[in-house]
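First the structure, in the form of structure tokens, and then the observations on it.
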4 protein chains.
Amino acid sequence: MPKNSEKTTVSPSPERREELLATAAEVFAAQGYNATTVRKIADAAGMLAGSLYYHFDSKESMLDEILSAFLDELWARYDAVLASGLGPRQTLEALVTESFREIDRHRAAVAIYQKESKHLLDEPRFHYLADSQARFEKAWLGTLERGVATQVFRADLDSRLTYRFLRDTVWVAASWYRPGGQHSPEEIARQYLSMVLEGIAVRE
Amino acid sequence: MPKNSEKTTVSPSPERREELLATAAEVFAAQGYNATTVRKIADAAGMLAGSLYYHFDSKESMLDEILSAFLDELWARYDAVLASGLGPRQTLEALVTESFREIDRHRAAVAIYQKESKHLLDEPRFHYLADSQARFEKAWLGTLERGVATQVFRADLDSRLTYRFLRDTVWVAASWYRPGGQHSPEEIARQYLSMVLEGIAVRE
Amino acid sequence: MPKNSEKTTVSPSPERREELLATAAEVFAAQGYNATTVRKIADAAGMLAGSLYYHFDSKESMLDEILSAFLDELWARYDAVLASGLGPRQTLEALVTESFREIDRHRAAVAIYQKESKHLLDEPRFHYLADSQARFEKAWLGTLERGVATQVFRADLDSRLTYRFLRDTVWVAASWYRPGGQHSPEEIARQYLSMVLEGIAVRE
Amino acid sequence: MPKNSEKTTVSPSPERREELLATAAEVFAAQGYNATTVRKIADAAGMLAGSLYYHFDSKESMLDEILSAFLDELWARYDAVLASGLGPRQTLEALVTESFREIDRHRAAVAIYQKESKHLLDEPRFHYLADSQARFEKAWLGTLERGVATQVFRADLDSRLTYRFLRDTVWVAASWYRPGGQHSPEEIARQYLSMVLEGIAVRE
DNA sequence: CATGAATGAGATTTCATTCAT
DNA sequence: CATGAATGAAATCTCATTCAT
């Protein structure tokens, strides 16, 4: 189960951390954070449970690193999109595409984020999740409202409802998406966008 | 549909059971099944942890009853819709509307179902979740394919992708929906259907 | 090892706590706080380690309760002495006597206090130990200085040195004192006071 | 006196060992032996925990070396005093003075000895602590009794009580003494002796 | 000499569950 | 019906120690 098993040379610290975090993320995503014991993570990493504590303070800090690394990367991409001066429809398309790419790269982290973030919001350590959610809403809802104002998006829909619809629609995909499947992230994004923008009904 | 119903301690007052199950469902939905201790449920119910065992066999059997009661009711409605001989579009509209009504009635149960069913599928006691999922897929995917065949739904979209899109789109709503909010379930269903069927882009 | 073994009837909560705290205090005093495992406490109390957590939050909170109960009682006695308007010598005699009585009543707590308080001072939870130490110094040093001013105590000794000498001299006794031995606390206090006040050398 | 000296890993540089032992002694004295992790010692020495094992067999052997070095030196001085044929009062004065000098030189070791020796007595490796204690009692108690017999010390005090009083009085000073403070060890010894021999009360 | 990584034993703590009252 | 007290299994975490490099 250890990745790169052909390269058993001792890796310099940061790479080993990454490996272990990737392993932990897979297990968290598959079983849920609470149902995952550190022993399961250690098993998957081929070491003893106690040995994980050489690399990490606690099970919680692993979760923390996984989620914050994911959000850091996501926001780097989102910010690039938002700074590029696109119109609302192109912005929406770019955000959706980046989201599916992020699911492709960090599937486990996204799945964990989906499942656990809600009851993590309360804990001080994870306040950044709430901050991120607020920025997220601002970016997406803003884009939608800009689109309504410029008449590229329908004005007869409740904007917050549409926002939630879009947001959930995209991220829930992490629960079934498998990297290396038959559709590339860009292809999935294209189909999703087609459904969301044009609808699934045949036009008369 | 509740398994092991012959093994469940018979409690003289069924209303008290319902109350306690509703309380448990709220806590499960808010914190996640694994993160919920029986003590938390007991606190919310104003009793001590041990006292719950007069009413229920185990924490797991509470979860079981909550989920099976929800699925029993859902399938009663779905079956009525599916038996009524509607066309694909009307069937889809009816299924979506019933789904939002179910979210309205059993929000906590739906949220639990969303979050927990994936890793419950393995355990024998919860095999009925897998059965239900299979029936679910058959009903929705069948309706979609009937619609494609009769040219009311677009033929250029991957059907399984569309199915997952629709399914997620509807049920994820349980994570933010609050009964008694500004929109009735029927109104939410109408807007969701409008987005899904017609798209959010303005038609030229 | 459980005290009152003849009275095995289930005791109402606060008495059981007291029993367990007394047991814990004995073990802490005998082995040191850090070297004492909760399993040892539980063994001494005739229960399993986990069962202690029904009564107490943590091993640390047991220590906390033991120390604060001891200090509460000590200060009740000291305050009574200090409020009674005695002269410096009588005050000193009364303080020493109350101290030995306290050692007689709470020997284990005093021994723990002696051994552990120094490295506990840093932790926020035990800040009250520092407060108590400050009050302690004020009471004893004040009495000594009053005595020097009124010429009942020698003026040629460094007061702070005398204070530490007295303080340690009294409390260290907890490390060898055994209640029910050949000397009553009052008798020990009398001999200590005689040594401290008159010296051990024969007067010419 | 260091036990197992043939088993100790031979380190090329004895000065480094001394440095490390001094560092370890400081940490043991400040935090207590049990509460001190080898990582804390290594941190204080600017190395990693594992590296200490190049110099020492175990944490326990560090403690062993610290305590036995201290006792070796102490007994060299005590023996010189006891062999010099002084009278009881002069002997007592010399022993007290040498004790404070030892506190000045090996403050940390003395503090550790005070705090830890009680529960170390049981372990075979530290039996020499018990031997030392017995010799100690013989020397001090003998001096006191000689003094009582020759009428230089009061006969109306319990000798064992006096012995413990003296012993504690002197050694506890290690818990607050700081080398390089305003009083030299000889000055502190003089004041202590004055208190102990003449008392703190003004003579009429 | 020192590091980085791991081991393995054992410590504290959690928690579903039981049961006498 | 509910409480109070406990059990026992398992979880998280700690730490002295080892060892290849």
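Every chain is numbered from 1 and lettered A, B, ... according to where its sequence line falls, protein lines coming before strand lines. What's counted below: heavy atoms across the whole structure, side chains too, no hydrogens, waters or symmetry copies.
- Note on A:Val38: only backbone sugar-phosphate atoms sit closer than 4.0 angstrom, heavy atoms only; bases stay farther off.
- For the pair B:Tyr53 OH and F:dT7 P, the interatomic distance rounds to 17 Å; values are reported in whole Å.
- Counting only heavy atoms from C-beta on, C:His55 has its side chain closest to F:dA5 among E:dC1, F:dA16, F:dA5.
- Between B:Arg17 and F:dC1 there is no side-chain polar atom (N or O) within less than 4.0 angstrom of OP1 or OP2.
- Comparing B:Met47 and A:Asn34 by the nucleotide of DNA chain F that holds the closest heavy atom to each, the one mapping nearer the 5' end is B:Met47.
- Distance D:Phe56 CZ to F:dT18 P: 15 Å, rounded to the nearest Å.
- C:Ser61 comes within 4.0 angstrom of no nucleic acid atom, judged by non-hydrogen atoms across all strands.
- Of the candidates F:dT3, E:dA16, E:dT13, the closest approach to any side-chain atom of B:Ser51 belongs to F:dT3.
- For the OP1/OP2 pair of F:dA6 and a distance below 4.0 Å, the side-chain nitrogens and oxygens of C:Tyr54 include no atom meeting the criterion.
- With DNA chain E read from its 5' end, the first of the two nearest nucleotides for D:Gly46 and B:Gly50 is the one closest to D:Gly46.
- For C:Lys59, the side-chain atoms get nearest to E:dT13 when compared with the rest of E:dG8, E:dT13, F:dT17.
- Between A:Leu52 and C:Asp57, the residue anchored closer to the 5' end of DNA chain E is A:Leu52, taking for each the nucleotide with the nearest heavy atom.
- Under 4.0 angstrom from either OP1 or OP2 of F:dT14 there lies no side-chain N or O belonging to D:Arg39.
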